[in-house]
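These notes concern the structure reproduced below.
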Amino acid sequence: MENTFEKIWSNCLMIIKDIVEWQHFKTWFEPIQPVALKENVLTIQVPSQFFYEYIEEHYINLLAKTLKRELGKDARLEYRIMVDSGNGKSKPLTMDVSGQSFKSYSNNEMDFPLVINNHVKNPFVIPGLKKMQIDSQLNPIYTFEAFVEGDCNRVARRAGKTVAEKPGSTSFNPLVVYGGVGLGKTHLVQAIGNEVKRLNPNKVVLYVSSEKFINQFQDHSRNNAINDFIHFYQLIDVLILDDVQFFNRAEKTQDAFFAIFNHLHQSGKQLILSSDKPPKDLEGLQERLLSRFRWGLSADLQVPDYETRIEILEKKMKNNGLDLPKDVVKYIAYNIQNNVRELEGALISLLAQSSLNKREIDLELAKKVLRNFIKTSSKEITIDTIQKMVCEFFDLPYDRLLHKTRKREIVQARQITMYLAKIFTKNSLKTIGEHFGGRDHTTVIHSCQTVKDLMDTDNLFRESVMELQQKVQLAAM
Ligand code: ADP
Ligand code: MG
């Protein structure tokens with residue numbers, strides 16, 4: 001009774017729940033049902049083909065690990081895909097497929113050290129491979145091609161490109177990429193690694209997170225093998241260390257990294273680091289390390305602007321063979337502003353929801369799904385914001401809008417702005433007037449009336465106002 005498929009699956013879920021973000025867990029794991037267990041093969045039922053592909057692409061590593069804990073190293077996963085859920089009378093139609101990518105994930109983790117070169121223990125090498133066949137630990141989807149350039153990342157992206165073309169021989173050594181959560185640090189540093197490999201397959205590239213680096217170091221230190229550890233890292237041509245802020249107070253690890261850094265730098269090898277803050281603000285890092293970080297270039301990643309967010313979404317859609325209505329894309333880009341990962345998450349949730357409920361993706365669905373992502377569901381929109389949006393829309397300099405002028409297009413733009421401010425803000429007519437160079441409330445009333453009248457008689461005018469209105473509406477949601 002112990003090893004029923006339900007029990008096995010619920011054990012897996014307990015682990016997965018701790019690792020996967022809540023929203024993703026709900027989206028991708030809750031709808032899964034375990035359906036059978038035959039020896040070492042667990043079959044799970046998933047709601048659609050898309051679901052199956054998504055899980056295979058994104059969670060297979062995690063599933064492999066958790067399932068192997070339960071069923072041993074030969075564990076396998078099979079899927080039952082719902083093709084049609086039936087209508088109560090007819091049985092649901094399903095299709096069984098076996099997990100594709102399960103086998104390739106197993107032993108490139110540090111728990112499988114291997115002696116190479118007779119003395120250096122390589123924490124990464126897959127058993128059976130020879131020296132220098134070091135798995136780079138890079139995710140091939142992180143390329144430059146897939147990394148949209150914008151004002152927010154131009155310097156970092158271009159520096160990365162330069163480094164990838166001439167690793168170790170530019171002044172960008174080390175290259176430090178820093179920025180907040182979900183802004184593309186991992187993507188960018190991995191893109192550099194992938195590009196080096198593409199241009200120069202013989203270069204030994206290694207990507208490692210700082211957490212893993214620390215763990216490996218501590219393992220080796222327990223086994224009195226610190227020298228092996230350092231020697232191994234000294235073999236690398238391009239070393240990419242992600243999230244170096246985790247070195248915070250790991251003194252011994254920092255000592256080891258200092259030795260590795262110096263050796264690599266002196267031998268003309270490339271170092272690429274990422275962190276969540278500019279190096280000068282990193283706490284708990286030794287000054288001697290920080291001063292070396294300053295030898296090269298530090299470049300930051302900032303929050304992408306609206307246009308770049310649209311482009312990123314479009315790129316992700318293209319790469320996944322998806323097509324969403326333009327208003328949905330705009331809606332997502334308007335509402336998710338601070339974090340590219342969330343932007344992507346919103347897109348994915350939307351896809352999952354539409355696939356789950358067999359429903360077309362439209363603005364309505366998008367609003368429903370994004371409610372989970374948008375923390376403050378209704379933003380306070382200000383007169384200022386509306387003024388800026390109108391100016392942008394009509395390509396007017398901001399101060400012209402407030403000018404005393406009888407130029408028709410400016411007068412109209414101002415009237416439209418007042419009209420929108422009346423609709424979308426809670427300000428009194430008096431306050432609105434004050435925001436337009438101290439006009440009084442009767443001017444505001446008159447403006448609103450004029451806009452309404454014009455909308456009734458002038459199609460072009462109406463279209464402009466409607467479009468603007470939609471923009472403000474989106475920004476206010
Ligand atoms: P960080 O490491 O800074 O937390 P990631 O590199 O993991 O962020 O990026 C989060 C997600 O956002 C990734 O899926 C990444 O592909 C995507 N992303 C970030 N910036 C861009 C960009 N400029 N173009 C395309 N995708 C991006
Ligand atoms: Mg990262």
Side-chain angles (χ1 to χ4, degrees), residues 19-21 23-24 27-28 54-55 57-59 61-62 136-161 163-164 175-195 206-214 239-248 272-279 281-282 298-322 324 329 332-333 335-352 373:
I19 295 176
V20 176
E21 273 172 52
Q23 175 73 33
H24 292 217
T27 306
W28 298 109
Y54 191 86
I55 288 170
E57 191 180 336
H58 294 89
Y59 292 115
N61 197 3
L62 180 61
S136 292
Q137 310 286 312
L138 293 165
N139 183 339
I141 70 164
Y142 290 137
T143 60
F144 275 107
E145 211 278 314
F147 193 76
V148 173
E149 182 171 309
D151 291 340
C152 55
N153 61 30
R154 186 162 288 118
V155 173
R157 190 180 185 281
R158 297 211 172 156
K161 206 79 204 252
V163 164
L175 175 64
V176 183
V177 174
Y178 65 89
V181 181
L183 294 183
K185 300 181 294 293
T186 299
H187 186 143
L188 181 58
V189 297
Q190 290 221 12
I192 301 172
N194 278 317
E195 184 72 358
L206 182 70
Y207 167 88
V208 61
S209 70
S210 295
E211 278 165 303
K212 194 168 193 169
F213 188 92
I214 294 169
L239 177 60
I240 305 167
L241 185 67
D242 206 359
D243 290 318
V244 74
Q245 72 273 7
F246 291 131
F247 274 8
N248 181 2
I272 299 159
L273 311 167
S274 86
S275 72
D276 67 347
K277 301 180 199 65
D281 296 338
L282 282 173
S298 301
D300 66 336
L301 296 178
Q302 290 174 358
V303 173
D305 58 24
Y306 173 67
E307 269 70 33
T308 310
R309 295 201 296 278
I310 294 257
E311 233 184 290
I312 291 174
L313 283 170
E314 279 171 347
K315 175 78 87 183
K316 302 272 173 204
M317 283 157 47
K318 184 161 156 271
N319 290 349
N320 289 297
L322 303 164
L324 296 192
V329 178
I332 300 175
N335 283 290
I336 301 196
Q337 303 175 339
N338 300 322
N339 182 325
V340 183
R341 187 176 294 127
E342 274 181 19
L343 203 61
E344 220 176 334
L347 186 67
I348 290 163
S349 285
L350 196 54
L351 292 170
F373 281 84

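Whatever order the structure lists them in is the order used to number ligands and atoms, beginning at 1.
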Option of least heavy-atom distance to atom 27 (C) of ligand 1 (set: Val189, Asp276, Val340):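 The option holding the nearest heavy atom is Val340.
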
Quick test of your reading of the structure: of Asp243, Val177, Asn339, Thr186, whose heavy atom lies closest to atom 2 (O) of ligand 1?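 The residue whose heavy atom sits nearest atom 2 (O) of ligand 1 is Thr186.
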
Which of the atoms in ligand 1, numbered in the order shown and given with their element, are less than 4.0 Å from a heavy-atom of [X]?
| X | value |
| --- | --- |
| Gly180 | 3 (O) |
| Asn153 | 23 (N) |
| Val148 | 22 (C), 23 (N), 24 (N), 25 (C) |
| Lys185 | 1 (P), 2 (O), 3 (O), 4 (O), 6 (O), 8 (O) |
| Tyr142 | 16 (O) |

According to side-chain hydrogen bond (donor to acceptor under 3.5 Å, both in side chains), does anything in residues 177-194 pair up with another residue at least two apart or in another chain? List the pairs.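 Every pair satisfying side-chain hydrogen bond (donor to acceptor under 3.5 Å, both in side chains) with a residue in residues 177-194: Thr186-Asp242.
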
List the closest protein heavy-atom neighbour of atom 14 (O) of ligand 1: residue, atom name, distance to the nearest 0.1 Å.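 Ranking protein heavy atoms by distance from atom 14 (O) of ligand 1, first comes Glu344 OE1, 2.4 Å.
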
How far is atom 7 (O) of ligand 1 from its nearest protein heavy atom, and which residue and atom is that?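 Ranking protein heavy atoms by distance from atom 7 (O) of ligand 1, first comes Arg341 NH2, 2.8 Å.
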
Polar contacts were defined as any N/O atom of the residue lying under 3.5 Å from an N/O atom of the ligand; does this apply to Gly182 and ligand 1?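 Between Gly182 and ligand 1 (N or O atoms, distance only) the closest approach is under 3.5 Å.
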
Say whether Leu188, considering both its backbone and side-chain N or O atoms, lies within less than 3.5 Å of an N or O atom on ligand 1.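 There is no such contact.
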
Ring centres under 6.0 angstrom apart (Phe247, Phe213):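 Ring centroids of Phe247 and Phe213 are less than 6.0 Å from each other.
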
Is it true that Asn335 and Gln337 share a donor-acceptor pair across their side chains at a distance under 3.5 Å?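 Per modelled atom types, Gln337 and Asn335 side chains form no pair under 3.5 Å.
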
What protein atoms of element N, O or S are positioned under 2.8 Å from the Mg ion (ligand 2)?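 Sorted hits: Thr186 OG1.
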
